[in-house]
**Q** 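Have a look at the structure that comes next, please.
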Amino acid sequence: MVLSATRRKWLLTTFALGRTKYWLSVADASSAPFFLAWEIWVRHSPLGDVALAGASGYMLWGLSEYAFHRWLYHQRHGILGDGHRLHHEDPGMLIAMPWLITAPTMFGLWYLCAVVLHLPLASACLAGWLAGSVWYSLVHHSHHHWDIRQSWFRTLRAHHRIHHQFPEFNFGVTMRLWDTVFGTRYRKRAHLPRVEAGSQP
């Protein structure tokens with residue numbers, strides 16, 4: 001079913017816009033400690049394996065963040081593209097993926113992988129992935145609302161501000177790694193002719 005522009009706007013306004021919905025989307029990732037506790041005290045997984053799986057989940061989040069941002073949020077049609085365009089038009093707007101979608105999705109994925117399929121270290125990996133999601137939310141919020149002067153944050157903020165100027169570059173928010181891997185990291189000298197030619201969407 002293809003939603004009309006009016007219907008998509010109503011859904012965004014009702015479920016994705018506003019301070020309460022915005023911060024609930026961050027708090028909903030608090031299920032990460034539950035997943036971690038399940039791995040340690042129910043599955044009795046070795047702590048070293050748990051730490052490694054959690055770190056792997058965090059790195060997987062970085063790739064997910066890049067993929068969602070580049071190929072879903074920057075699509076020309078659809079509700080995800082509509083919502084992200086609102087953010088580009090007004091970076092200070094409080095808009096987020098509704099927790100009514102994210103929370104059931106994550107618990108459903110956890111139940112399938114950890115309880116039904118008994119995949120080793122699935123809970124720890126999901127905990128790391130969710131930790132990355134929380135970190136992304138805080139870092140992205142800081143870029144537009146806080147003035148953090150620590151040099152590493154300033155570098156990430158500059159990276160993200162370039163994306164707002166040239167939307168075909170710098171899709172990573174918490175990691176620049178994947179922009180380098182996929183060739184979308186903005187390098188002024190290399191990309192200036194393309195930008196001046198108006199190639200950015």
Side-chain angles (χ1 to χ4, degrees), residues 12 15-30 32 55-99 101-102 106 128-201:
L12 286 169
F15 296 107
L17 287 171
R19 182 176 299 275
T20 301
K21 299 160 198 168
Y22 181 81
W23 288 112
L24 271 175
S25 73
V26 178
D28 120 85
S30 62
S56 299
Y58 177 78
M59 291 304 295
L60 183 61
W61 162 260
L63 179 58
S64 303
E65 170 194 302
Y66 178 92
F68 269 86
H69 193 179
R70 181 178 181 182
W71 290 300
L72 293 180
Y73 292 164
H74 277 273
Q75 61 182 327
R76 296 186 182 278
H77 306 287
I79 194 168
L80 295 177
D82 290 348
H84 197 64
R85 275 188 290 277
L86 289 175
H87 170 63
H88 272 261
E89 292 166 5
D90 181 5
M93 180 183 294
L94 298 180
I95 181 170
M97 185 71 73
W99 67 273
I101 295 175
T102 55
M106 290 312 302
W129 193 90
L130 279 170
S133 173
V134 173
W135 183 237
Y136 159 82
S137 298
L138 295 175
V139 169
H140 188 241
H141 184 82
S142 77
H143 290 338
H144 298 295
H145 298 275
W146 300 334
D147 184 20
I148 298 177
R149 299 187 178 275
Q150 201 272 341
S151 60
W152 182 74
F153 266 97
R154 289 166 66 89
T155 299
L156 279 180
R157 183 168 57 194
H159 182 83
H160 186 62
R161 284 182 173 176
I162 288 170
H163 171 73
H164 274 262
Q165 286 187 287
F166 308 118
E168 68 176 272
F169 302 111
N170 293 11
F171 294 97
V173 175
T174 61
M175 299 181 193
R176 294 181 292 166
L177 168 66
W178 299 109
D179 281 300
T180 302
V181 169
F182 289 104
T184 53
R185 185 171 176 181
Y186 179 77
R187 300 182 188 278
K188 184 175 182 180
R189 189 168 295 178
H191 292 128
L192 189 57
R194 292 175 61 196
V195 171
E196 288 180 341
S199 63
Q200 73 271 17

**Q** Tell me whether W61 contacts the main-chain N or O of W129 through its side chain, where contact means a donor paired with an acceptor under 3.5 Å.
**A** no

**Q** Please enumerate all residues that pass side-chain hydrogen bond (donor to acceptor under 3.5 Å, both in side chains) together with R70, with sequence neighbours excluded.
**A** Y66

**Q** I need the single residue from H74, H164, H163, H69 that forms a ring pair (Phe, Tyr, Trp, His ring centres under 6.0 Å) with H87. Which is it?
**A** H164

**Q** Looking only at heavy atoms, which two atoms of L86 and M93 are closest? And how far apart?
**A** CB-SD, 3.9 Å

**Q** Taking the inter-plane angle between the rings of H145 and H141 on a 0 to 90° scale, is it parallel (under 30°), tilted (30 to 60°) or perpendicular (over 60°)?
**A** parallel

**Q** Locate the shortest heavy-atom distance separating R149 from D147; write the atom from each residue and the value.
**A** NH2-OD2, 3.0 Å

**Q** Any chance CZ of F68 has more than 12 other-residue heavy atoms, nucleotides or ligands included, within less than 6.0 Å?
**A** no

**Q** According to the interplanar angle, ranging from 0 to 90°, do the rings of Y136 and H140 count as parallel (below 30°), tilted (30 to 60°) or perpendicular (above 60°)?
**A** parallel

**Q** Using every non-hydrogen atom in the two residues, find where T174 and W152 come nearest and quote the distance to one decimal.
**A** O-CZ2, 4.3 Å

**Q** Could you walk me through whether D82 and H77 pass the side-chain hydrogen bond (donor to acceptor under 3.5 Å, both in side chains) check?
**A** CA-CA 7 Å; D82 290 348; H77 306 287; over 6 Å; no

**Q** Kindly give the heavy-atom pair with the smallest separation between G172 and D179, and that separation in Å.
**A** N-OD2, 2.8 Å

**Q** Could you give the distance from CZ (R161) to CZ (F166), rounded to the nearest 0.5 Å?
**A** 14.5 Å

